[in-house]
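First up is the structure itself, then whatever we jot down about it.
Note that the structure is a prediction, hence the values are computed from the model and not measured.
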Amino acid sequence: MSRHAPKLGISGHITRAFITSPLTPLLLLAALAVGLIALAVLPREEEPQISVPVVDILVRADGLKAVDVVELVTKPLEDIVNGIDDVEHVYSQSRDDSVMVTARFEVGTSEDTAIVRVHETIRAHLSEIPLGIDMPLIVGRGINDVPIVVFTLSPDLATGHHERWDDNGLFNLAEELVHELVKVEDVGLTFIVGGRANQIRVEPDPERLASHGITLNQLVDKVRSANRTFQIGRLFDNGESVPAVAGRTLQGLHDVGQLLITSRDGRPVYVKDVARVVVGAAPGESRVWQMEPGPDGALERVPAVS
């Protein structure tokens with residue numbers, strides 16, 4: 001009874017040749033050397049920057065409810081954006097008086113190219129957006145808009161001077177810090193979260209408004225229209241060119257209070273006659289807190305600004 005050796009296929013013959021060949025160690029060393037050279041020469045990054053442009057299109061639709069905004073603004077705008085080259089996904093968010101449509105482009109598309117395409121396409125199809133709708137605000141988003149370093153300012157309870165540092169004082173200090181941070185090399189977008197900025201506030205008195213026969217809309221329109229300047233031309237005098245500006249901007253409490261609303265029975269009625277003009281912290285839109293150990297060692301919540 002004889003036993004025959006199995007026939008070898010192509011892979012078997014190649015394997016036998018390399019097992020018995022004296023060139024196999026040399027080939028292994030050559031492959032290792034080529035791999036080391038490629039590792040040293042090829043560029044690489046620990047965190048490669050992948051371009052995934054996102055463009056937000058913000059539209060004001062004053063007076064329209066969310067249901068009407070969807071039909072009159074959102075759907076036409078989505079159709080326009082979907083027709084842009086390299087747009088991969090389109091998202092929208094409709095609410096009363098406004099809509100935001102977001103276009104996400106394909107990976108690798110240039111951010112500048114994406115914004116230019118959206119601008120050109122929107123302008124070319126403005127006739128498809130209903131009359132009375134403001135020009136859309138187009139904002140590009142990218143990886144550089146994501147904050148990676150956060151500084152938080154909060155009062156130190158151990159010093160005993162924390163009462164003077166409320167969220168308004170911390171905000172003013174943070175503004176000064178931002179002016180210095182933007183001077184640092186390679187620092188991009190910088191913004192403040194939390195705290196309350198200073199503002200001049202006009203607080204109407206309903207009884208005094210009624211006694212002078214002035215409506216709240218009249219007061220609002222007067223303050224809004226008074227704080228405005230615009231250039232109307234240029235004047236030439238003695239060989240010099242001087243810009244001519246109409247209107248004025250309000251500089252402080254006195255300017256706001258002295259705004260003339262109307263005349264009643266021959267007597268002028270000023271803003272200060274129907275409202276109280278004060279300087280104070282603006283209403284808070286965001287809030288930041290920090291937990292700090294108090295004098296007794298217990299953690300207490302204190303205001304903070306990031």
Should Arg276 and Asp205 be marked as a side-chain contact (heavy atoms from CB on, under 4.5 Å) after you check the CA-CA gap, both sets of side-chain angles, and the distance that decides it?
CA-CA 7 Å; Arg276 191 165 68 100; Asp205 187 320; over 6 Å; no
Report yes or no: do [X] and [Y] belong to one cluster of Ile/Leu/Val/Met/Phe/Trp/Tyr joined by side chain heavy-atom distances under 4.5 Å?
X: Leu259; Y: Val279; value: yes
X: Val271; Y: Val278; value: no
X: Phe151; Y: Ile192; value: yes

So how far is it from [X] [atom1] to [Y] [atom2], rounded to the nearest 0.5 Å?
X: Thr262; Y: Arg267; atom1: OG1; atom2: CZ; value: 13.0 Å
X: Gln218; Y: Leu209; atom1: CD; atom2: CG; value: 9.0 Å
X: Asp96; Y: Asp68; atom1: CG; atom2: CG; value: 9.0 Å
X: Ile84; Y: Thr109; atom1: CD1; atom2: OG1; value: 11.5 Å
X: Leu170; Y: Arg196; atom1: CG; atom2: CZ; value: 11.0 Å
X: Ile19; Y: Ile14; atom1: CD1; atom2: CD1; value: 12.0 Å

Within the 4.5 Å heavy-atom criterion, are [X] and [Y] side-chain neighbours or not?
X: Asp97; Y: Arg60; result: no
X: Pro136; Y: Leu126; result: yes
X: Arg123; Y: Met135; result: yes
X: Asp273; Y: Arg208; result: no
X: Ser92; Y: Leu77; result: no
X: Val178; Y: Glu175; result: no
X: Ile138; Y: Val55; result: yes
X: Leu153; Y: Trp165; result: no

Which pair of non-hydrogen atoms, one from [X] and one from [Y], has the smallest distance, and what is that distance?
X: Val305; Y: Asp167; value: CG2-O, 4.1 Å
X: Arg141; Y: Asp56; value: NE-OD2, 3.0 Å
X: Val202; Y: Ala275; value: CG1-CB, 3.7 Å
X: Arg234; Y: Ser241; value: NE-OG, 2.7 Å
X: Pro155; Y: Pro303; value: CD-O, 3.1 Å
X: Asp86; Y: Arg117; value: OD2-NH1, 2.6 Å

Residue pair Ile200, Val277: steps toward the side-chain contact (heavy atoms from CB on, under 4.5 Å) verdict:
CA-CA 7 Å; Ile200 297 178; Val277 183; 3.8 Å; yes
Taking atom [atom1] of [X] as the centre, report whether more than 12 heavy atoms of other residues, nucleotides or ligands fall under 6.0 Å from it.
X: Ile10; atom1: CD1; value: no
X: Glu203; atom1: CD; value: yes
X: Phe18; atom1: CZ; value: no

Would you call Glu78-Lys75 a salt bridge at under 4.0 Å N-O?
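Salt bridge between Glu78 and Lys75, a charged N being under 4.0 Å from a carboxylate O: no.
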Should Val193 and Val150 be marked as a side-chain contact (heavy atoms from CB on, under 4.5 Å) after you check the CA-CA gap, both sets of side-chain angles, and the distance that decides it?
CA-CA 10 Å; Val193 177; Val150 179; over 6 Å; no
Side-chain donor-acceptor pair present, Ser94, Thr74, cut-off under 3.5 Å
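Yes, Thr74 and Ser94 have a side-chain donor paired with an acceptor closer than 3.5 Å.
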Please walk me through it: do Thr113 and Phe105 pass side-chain contact (heavy atoms from CB on, under 4.5 Å)?
CA-CA 10 Å; Thr113 301; Phe105 285 76; over 6 Å; no
